[in-house]
Amino acid sequence: MSASDVRFAVRLTPRAALDHVDGVIDGILRARVGAPAVEGAANNALIRLIAEELGVARSSVRIVAGASSRQKLVVIDGVDPSTIVARWPGLKV
């Protein structure tokens, strides 16, 4: 992990009508994806969604904890924490 990595918690809801970020509740990013929680499909959809929201490459977004639970720890490489907090105010990074 380098100094430019940012970590934050995500609460993921699979099988939603569409992929979107609900916002921040209690410092945790809430997201919904249409993919089911089968064989990593929901995790891949979450990585794609976060990368698109932040305008970074998918390879810069990693799930480092909670891959099989709704609560996940996500790491973004090479992004300033203030950029992420500006995008999602109230997020604990």
Please give me the minimum heavy-atom distance between [X] and [Y], naming the atom from each residue.
X: A37; Y: A42; answer: CA-CB, 4.0 Å
X: K72; Y: G66; answer: NZ-O, 3.0 Å
X: A41; Y: P36; answer: CB-O, 3.5 Å
X: D77; Y: S59; answer: OD2-O, 4.2 Å
X: L91; Y: A9; answer: CD1-O, 4.2 Å

Check your understanding: Among L29, V74, L49, L46, whose side chain to side chain contact (heavy atoms under 4.5 Å, CB included) with L12 holds?
Key ->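 With L12 as partner, side chain to side chain contact (heavy atoms under 4.5 Å, CB included) holds for just one option, L46.
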Measure the spacing between [atom1] of [X] and [atom2] of [Y] and express it to the nearest 0.5 Å.
X: S60; Y: I47; atom1: OG; atom2: CD1; answer: 11.0 Å
X: D19; Y: R48; atom1: CG; atom2: CZ; answer: 6.5 Å
X: L54; Y: I84; atom1: CG; atom2: CD1; answer: 5.5 Å
X: R7; Y: I76; atom1: CZ; atom2: CD1; answer: 11.0 Å

Review point. Do V10 and I50 have side chains that get closer than 4.5 Å, going by heavy atoms?
Key: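 When only atoms from C-beta onward are counted, I50 and V10 do touch, with a gap below 4.5 Å.
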Practice item. Would you indicate whether the side-chain heavy atoms of Q71 and I28 approach each other to under 4.5 Å? Key: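 I28 vs Q71: side chains touch.
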**Study point:** Contact list for residues 23-36, test side-chain hydrogen bond (donor to acceptor under 3.5 Å, both in side chains), sequence neighbours left out
**Key:**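 The answer is D22-R32.
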Exercise for review: Could you name each residue pair satisfying salt bridge (charged side-chain N to carboxylate O under 4.0 Å, His left out) that touches residues 35-46, not counting sequence neighbours?
Suggested key: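 Of all non-adjacent pairs touching residues 35-46, none passes salt bridge (charged side-chain N to carboxylate O under 4.0 Å, His left out).
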Exercise for review: For R87, check salt bridge (Lys or Arg N to Asp or Glu O under 4.0 Å) against everything at least two apart and list the hits.
Suggested key: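 E53.
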